[in-house]
Amino acid sequence: MERQLALEILLKFKQEQSYLNLTINHYFQRYTLTRQQKDFITRIVYGTVQNMLLLEYILKPHLHMRVKTFEKMLLLMSLYQHEMMDAIPDYAIINEAVELAKKKKGMKTSRFIHGVLQNVFQSSYQLDDLPPLERLSIETSHPLWLVKMLNKQYGDKETKRICHAFLEVPRHCARVNTLLISREELLKDNHWQKADLSPDGLYYTGHHIASSEAFQKGYVTVQDESSQLVARLLNPSKQDYVLDMCCAPGSKTTHLAMLMNNQGCIEAYDLYEHKIHLVEKQLTRLHVQNVQTHVGDSTTLMQVYPQETFDKILCDAPCSGLGVLARKPEIKYHDSSSMDEIMVIQEKLLENAYFLLKKGGNIVYSTCTINKKENEKQIEKFITKYPDMKKRKEVTILPYQYHSDGFYMCLLEKE
Ligand SMILES: C[S@@+](CC[C@H](N)C(=O)[O-])C[C@H]1O[C@@H](n2cnc3c(N)ncnc32)[C@H](O)[C@@H]1O
């Protein structure tokens, strides 16, 4: 049952380029599964996607013809269990794969799967002869274009550390909601540990926070530690009129509201109605009262508000997501050409932010990517065009530094 569902999820990922967390949640709602079964499925799915290029490299010499997606994904997920899940004996992996192939495709396919897995499990592989960047690409399963891009921007040593960090299991981090409770109060319960980097952060173990009492009462929300630094960098006061240009699912909006102690006012926009519903759910759960939500395109907000309306603006822009590959490994296989379109949107968002910001006010521009073209370069271009915008602080967090997401944030002030 578990492997069959894992395979179905992987097929959906491959055929529809679906997001893993959404597909997994969908399956978990459809089937009655124990916690253990859910963990097993999650591990196989994420592990296979995370290590896909390495697994394909190992498998390739054993495939003498093109195979269909079903066979390919079944072989890859079986190979993942062989390479990375020591507790499962090879005969069990092979039996399960063969049975699955027989059930779904018949005897011929099951014999094929049996033969390939037996061969590949008995062979070894080596990467030593590959040129350094190709080796890093295969070893850490990051497409070569991405490794080359990181190498150009960060150099050999950093790129290696970044790519290896993306293979680590991400640390679970929550944020306290001080509208309802203090972090000190929560820390009396030893489920929580004080986070290193964020003054509002709490580490926890296990994946089941959503069913915890603290979560249901709105005392905490799930948010990566790097992302928790963004609202603090904007540092809104209780009187401020704040614009949050890209707010869904609402992590930073609710953080801003918390820092403003539910006072002042935040206008929170997102392009998609279904995403605004998610934000509204968060606002209710966390008892946030100073936010007005809007479905709207923030690249045209100059037509909605007069010039110099806002004291503070958060532009948490859509981006390539190349900082969160530990959490969302499927992103690394997305088509890199979409980055150009995203950069145009980022630029338009910044233009609107500039128009709407009061003199003496602040913008924080942030992304969850470590691609400098979307970050440092984007800001350089912006301040060259608008010399009255001054860069006050710029922070890039690389994923290996604090075992958190890779993030970029820049505080700007209008003179
Ligand atoms: C990085 S996410 C924002 C995360 C959010 N700030 C948080 O902390 O939960 C970027 C968001 O921008 C939204 N978006 C993309 N283009 C937009 C546009 N033109 N106007 C408004 N929102 C947009 C996306 O729907 C997405 O929800």
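Indexing begins at 1, ligand by ligand and atom by atom, following the structure's order.
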Among all protein heavy atoms, pick out the one at the shortest distance from [atom]; state its residue, atom name and that distance to 0.1 Å.
| atom | answer |
| --- | --- |
| atom 12 (O) of ligand 1 | C246 CB, 3.2 Å |
| atom 2 (S) of ligand 1 | A248 O, 3.8 Å |
| atom 15 (C) of ligand 1 | P318 CG, 3.6 Å |
| atom 23 (C) of ligand 1 | L271 CB, 3.8 Å |

Please confirm whether the ring centroid of [X] lies under 6.0 Å from the ring centroid of [Y].
| X | Y | answer |
| --- | --- | --- |
| Y219 | F215 | no |
| H172 | Y204 | yes |
| H62 | F121 | no |

Atom indices of ligand 1 within 4.0 angstrom of [X] heavy atoms, with elements:
| X | answer |
| --- | --- |
| Y272 | 25 (O) |
| G296 | 20 (N), 21 (C) |
| D297 | 18 (C), 19 (N), 20 (N) |
| S298 | 18 (C), 19 (N), 20 (N), 21 (C) |

Quick test of your reading of the structure: of [options], whose heavy atom lies closest to [atom]?
| atom | options | result |
| --- | --- | --- |
| atom 6 (N) of ligand 1 | D316, L349, V324, T300 | D316 |
| atom 1 (C) of ligand 1 | A317, C368, P249 | A317 |
| atom 8 (O) of ligand 1 | H274, M245, K252 | K252 |

Parallel, tilted or perpendicular: which fits the ring planes of H334 and Y19, with parallel below 30° and perpendicular above 60°?
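Answer is perpendicular, since the angle exceeds 60°.
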Look at the rings of H274 and Y272 and say which category their plane angle falls in: under 30° parallel, 30 to 60° tilted, over 60° perpendicular.
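H274 vs Y272 ring planes: tilted.
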Should S251 be counted as touching ligand 1, given the test is an N or O pair under 3.5 Å?
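Yes, S251 has an N/O under 3.5 Å of an N/O on ligand 1.
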So, regarding D270 and ligand 1 (criterion: nitrogen or oxygen to nitrogen or oxygen, under 3.5 Å), is there a contact or not?
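Checking ligand 1 against D270, an N or O pair does fall under 3.5 Å apart.
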Go through the side-chain N and O atoms of D388 and Y354 and say whether any donor and acceptor fall under 3.5 Å apart.
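A donor-acceptor contact under 3.5 Å links the two side chains.
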Are Q346 and Q378 linked by a side-chain donor-acceptor pair shorter than 3.5 Å?
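There is such a pair between these side chains.
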Walk me through whether D244 and K252 qualify under salt bridge (Lys or Arg N to Asp or Glu O under 4.0 Å).
CA-CA 9 Å; D244 184 353; K252 298 181 195 74; over 6 Å; no
If the test is side-chain contact (heavy atoms from CB on, under 4.5 Å), which one of M149, H142, K148 qualifies with W145?
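Among M149, H142, K148, the one that satisfies the side-chain contact (heavy atoms from CB on, under 4.5 Å) with W145 is M149.
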